[in-house]
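No experiment lies behind these values; they were computed from the predicted model shown.
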Amino acid sequence: MVRSERPFRVDALVVLPDHLHAVWTLPEGEADFSSRWRAIKSRFSKSLVLDGPVWQRRFWEHTLKDEASYRRHVDYVHLNPVKHGLVNRARDWPYSTFHRHVERGVYSLDWMGEAGK
């Protein structure tokens, strides 16, 4: 498992049909996102039998400087399925850490209500 070899904490994650978003915390003093993504992509791809590539060649990373930026990015991750019109409420998308955040009391189950209302 990649996290046992290259530790990081998954703070927020959402998997969508054509992309994903993640907020990670790396160990103090580390900033090597690339090797972690490379290992994740490689192991995932090798576990499948496919005719072509699964992943985009690139990714975008942002170092979050403060708690407000962190909170905005975690919220963005969890609202992404609503933003893309896949569901009307964050709670309706099963491929996300949203429900983990509800269990921890970070969000209520009806957080942000329903899209378009």
Between [X] and [Y], is any pair of side-chain heavy atoms under 4.5 Å apart?
| X | Y | answer |
| --- | --- | --- |
| Ile40 | Arg3 | no |
| Asp75 | Tyr107 | yes |
| Trp37 | Glu61 | no |
| Arg91 | Asp110 | yes |
| Leu109 | His99 | yes |
| His78 | Val14 | no |
| Thr25 | Phe8 | no |
| Val102 | Trp111 | no |

- Value rounded to 0.5 Å, distance of CZ in Arg38 from CG in Asp32: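 Output value for this atom pair is 7.0 Å.
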
- Just how far is it from atom CG of Asn80 to atom CG of Leu86, taken to the nearest 0.5 Å?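 Answer for the CG-CG pair, Asn80 versus Leu86, is 8.5 Å.
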
- Message: Test of understanding: with ring pair (Phe, Tyr, Trp, His ring centres under 6.0 Å), list the residues that count as partners of His19, not counting sequence neighbours.
- Response: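 Partners of His19 by the ring pair (Phe, Tyr, Trp, His ring centres under 6.0 Å) criterion, ordered by chain and then number, come out as His21, His84.
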
- Message: Test of understanding: with ring pair (Phe, Tyr, Trp, His ring centres under 6.0 Å), list the residues that count as partners of Phe33, not counting sequence neighbours.
- Response: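 In terms of ring pair (Phe, Tyr, Trp, His ring centres under 6.0 Å), with neighbours along the sequence ignored, Phe33 is linked to no residue.
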
Assigning hydrophobic clusters by single linkage (Ile, Leu, Val, Met, Phe, Trp, Tyr; side-chain heavy-atom cutoff under 4.5 Å), is [X] placed with [Y]?
| X | Y | answer |
| --- | --- | --- |
| Tyr95 | Tyr76 | no |
| Leu20 | Met1 | no |
| Met112 | Val77 | yes |

Considering all heavy atoms, the nearest [X]-[Y] contact:
| X | Y | answer |
| --- | --- | --- |
| Pro27 | Pro7 | CD-O, 3.2 Å |
| Gly113 | Arg89 | O-CG, 3.4 Å |
| Ala12 | Thr97 | CA-OG1, 3.2 Å |
| Phe44 | Ser47 | O-OG, 2.6 Å |

- Message: Under the salt bridge (charged side-chain N to carboxylate O under 4.0 Å, His left out) definition, can you give me all pairs with a residue in residues 5-27, not counting sequence neighbours?
- Response: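 Qualifying pairs, neighbours excluded: Glu5-Arg43, Arg9-Asp11.
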
- Identified side chain to side chain contact (heavy atoms under 4.5 Å, CB included) counterpart of Arg71 within the set Leu64, Asp66, Val106: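 The option that passes is Val106.
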
- Begin with the C-alpha distance, continue with both residues' side-chain angles, and end with the deciding distance and a verdict on side-chain contact (heavy atoms from CB on, under 4.5 Å) for Val87 and Val82. CA-CA 5 Å; Val87 293; Val82 176; 4.0 Å; yes

- Message: Can a donor-acceptor pair be found, under 3.5 Å and without considering hydrogens, that links the side chain of Trp93 to the backbone of Val15?
- Response: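 Present.
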
